[in-house]
Amino acid sequence: MAIKYKTKFNERCYSLLVKVPKGKVTTYKEIAKKLNSKAYRAVGNAMNKNPYAPRVPCHRVVNSNGEIGGFASGVKKKIEMLRKEGVDISKKNKIDLKKYLYKFN
DNA sequence: TATTTGACCAAGA
DNA sequence: ATCTTGGCCAAAT
């Protein structure tokens with residue numbers, strides 16, 4: 001059975017997210033901006049619900065200030081995943097957005 | 001329908 | 001640099 005889209009907004013978030021390549025990250029703000037909106041928080045909420053768990057790389061979404069942000073299954077898990085994908089994270093759990101930020105255009 | 005919630009962000013003290 | 005405050009928006013309750 002095909003995916004049943006509850007809301008368009010969330011679906012757009014997921015659609016954008018799957019475009020983020022491995023080894024890169026994006027931010028809640030960038031996603032919202034791409035949707036012509038300022039719904040940073042709504043984006044975060046969408047990720048938290050995360051109906052499409054493994055197919056949507058929600059672990060590649062971080063805060064605009066470079067901090068990791070949150071993760072439904074624990075921030076620790078998120079960090080490990082990112083490291084596995086080649087993203088270097090400093091001890092303070094921060095990401096160098098200059099290096100790893102992916103923009104949608 | 002109204003209120004609350006949240007994995008946010010920017011600016012101010 | 002850290003902490004607080006207010007604002008922002010969609011989804012869930």
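Within every chain, numbering begins at 1; the chains are lettered A, B, ... in the order of the sequence lines, protein sequences first and strands thereafter. FYI, side chains are in, hydrogens and waters are out, and symmetry mates aren't considered; it's all heavy atoms of this structure.
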Whole-Å distance separating the CZ atom of A:F9 from the C1' atom of C:dA10: 6 Å
Atom pair distance, as rounded to whole Å: CD1 in A:I68 and P in B:dC9: 12 Å
OP1 or OP2 of C:dA11 under 4.0 Å from side-chain N/O of A:N10: yes
Rounded distance (Å) that lies between atom P of C:dA10 and atom NZ of A:K8: 14 Å
Closest to side chain of A:T7, choosing from C:dC8, C:dA11, B:dA7: C:dA11
Rounded distance (Å) that lies between atom C1' of B:dC8 and atom NZ of A:K78: 11 Å
d(OH, A:Y28; P, B:dA7) in whole Å: 9 Å
Atom-pair distance (CE on A:M81; P on B:dA7), nearest Å: 17 Å
Closest nucleotide among B:dT5, B:dA7, B:dC8 to the A:R41 side chain: B:dC8
Sugar-phosphate only, base, or nothing, as touched by A:A42 at under 4.0 Å among non-hydrogen atoms: base
Rounded interatomic separation in angstrom, taking CG from A:N48 and C1' from B:dC8: 13 Å
Between P of B:dC8 and OH of A:Y40, the distance in whole Å: 13 Å
Under-4.0 Å side-chain N/O to phosphate OP1/OP2 contact, A:S64 with B:dC9: yes
Which residues share a ring pair (Phe, Tyr, Trp, His ring centres under 6.0 Å) with A:F71, sequence neighbours left out: none
Any A:K49 side-chain N or O less than 4.0 Å from OP1/OP2 of C:dA11: no
Residues A:K77, A:E80: salt bridge by 4.0 Å N-O rule: no
Within one Ile-Leu-Val-Met-Phe-Trp-Tyr cluster: A:L17 and A:V25, side-chain cutoff 4.5 Å: no
A:K92 vs C:dT2: side-chain N/O to OP1/OP2 distance below 4.0 Å: yes
What pairs of donor and acceptor atoms, side-chain ones from residues 94-105 of chain A against any protein atom, are under 3.5 angstrom apart with sequence neighbours left out?
unit_1: A:D96; atom_1: OD1; unit_2: A:K98; atom_2: N; d: 3.1
unit_1: A:Y100; atom_1: OH; unit_2: A:D88; atom_2: N; d: 3.3

Working for salt bridge (charged side-chain N to carboxylate O under 4.0 Å, His left out), residues A:E11 and A:K8: CA-CA 5 Å; A:E11 192 267 317; A:K8 293 174 164 60; over 6 Å; no
